[in-house]
Amino acid sequence: MRYLYGGEKEDAMRFILVASEIAKKSTCLRAKCSSLIVKDEDIIGSGVNSPPKNLESQRRCLESKDALDRKVTDKTCCVHAEQRAIMDALRNNPDELENSRLYFIRLDKDNKISFAGKPYCTICSKMALDVGIKEFVLYHKDGVAVYNTKAYNLLSYKYFFPSQFRRRE
Ligand SMILES: [Zn+2]
Ligand SMILES: [Zn+2]
């Protein structure tokens, strides 16, 4: 992972701001998120999180995750913004995905961009890697960070919540 500076950071911030506008369309009741996939300065895919097919009958945002079995590995309520952006790019610009860059942001309750924590979504990290996305960009407290997607996937599997005891390797 490396932080972006100067012109590279300015370019990234433009897309992060576009993503923050798009995120307002999310209907998730837990957190409004969005994702953009960019290739050579062009947006080739975008998405927000919301229930599958935007069906109210499938909405789980306010349900407890604790009741779910450990076999239910994706406990998040909605289709992830990154999944939506990847599906959008696969539909509309499948040939542009190789070596593209994915941006992900989450809004806080006031619709301001919130700082991202460490990566942990192994579904999105695997999908991004599988379709050829080269880099993942997150807006951290310490700056705008770009991760190689292979490293991002490995990091996601190493995630642990800071208050937990570290698992023995
Ligand atoms: Zn939701
Ligand atoms: Zn995800």
Side-chain angles (χ1 to χ4, degrees), residues 1 12 15-16 18-38 43-94 97 100-141 144-162 164:
M1 180 267 266
F15 290 113
I16 286 169
V18 172
S20 73
E21 284 303 311
I22 291 173
K24 292 174 186 169
K25 292 186 207 145
S26 161
T27 67
C28 180
L29 301 176
R30 277 182 189 265
K32 292 177 184 292
C33 302
S34 87
S35 178
L36 292 181
I37 302 174
V38 174
I43 297 170
I44 61 163
S46 68
V48 298
N49 59 333
S50 71
K53 203 80 178 164
N54 293 315
L55 292 169
E56 282 306 314
S57 64
Q58 304 300 313
R59 184 180 290 283
R60 316 191 43 86
C61 302
L62 302 178
E63 310 222 355
S64 166
K65 297 176 184 177
D66 299 336
L68 298 169
D69 191 90
R70 61 188 291 273
K71 280 251 191 190
V72 183
T73 51
D74 174 21
K75 295 180 168 55
T76 47
C77 45
C78 289
V79 179
H80 304 186
E82 304 96 307
Q83 292 175 304
R84 284 264 168 73
I86 289 168
M87 290 189 284
D88 183 35
L90 283 172
R91 282 190 195 106
N92 297 306
N93 295 291
L97 271 162
S100 60
R101 176 184 273 187
L102 183 149
Y103 291 83
F104 171 80
I105 63 104
R106 183 192 312 261
L107 298 180
D108 66 16
K109 296 265 182 282
D110 301 319
N111 280 348
K112 298 268 184 309
I113 305 169
S114 60
F115 296 123
K118 290 179 184 167
Y120 62 89
C121 182
T122 53
I123 296 173
C124 292
S125 67
K126 281 190 285 192
M127 278 182 68
L129 185 52
D130 208 42
V131 296
I133 292 169
K134 183 184 172 193
E135 294 171 326
F136 230 97
V137 174
L138 294 181
Y139 185 74
H140 288 304
K141 192 163 181 246
V144 178
V146 57
Y147 297 77
N148 177 281
T149 306
K150 288 178 196 156
Y152 191 90
N153 187 49
L154 296 176
L155 260 181
S156 300
Y157 277 94
K158 287 195 171 137
Y159 178 87
F160 72 99
F161 193 68
Q164 285 176 333

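In listed order, ligands and their atoms are each counted from 1. Just so you know, these numbers use all the heavy atoms, side chains as well, and skip hydrogens, waters and symmetry mates.
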Problem - Side-chain donor/acceptor of S46 to backbone N/O of A85, under 3.5 Å - result: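 Absent.
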
Practice task
Give the total of protein N/O/S atoms at a distance below 2.8 Å from the Zn ion (ligand 1).
Solution key: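 The number of such protein atoms is 4.
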
Do the non-hydrogen side-chain atoms of [X] and [Y] ever get within less than 4.5 Å of each other?
| X | Y | value |
| --- | --- | --- |
| C61 | C78 | yes |
| M1 | L138 | no |
| C33 | C28 | no |

Exercise for the section: Can you label the angle between the Y152 ring and the Y147 ring as parallel, tilted or perpendicular, going by 30° and 60°? Expected result: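 Rings of Y152 and Y147: perpendicular, as their planes differ by over 60°.
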
Practice task
Output the atom name for the N/O/S atom of H80 with the smallest distance to the Zn ion (ligand 2).
Solution key: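 The Zn ion (ligand 2) is closest to the H80 atom ND1, counting only N, O or S.
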
Handout entry: Polar contact flag, side-chain donor to acceptor under 3.5 angstrom, T76-R30
Key =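 No.
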
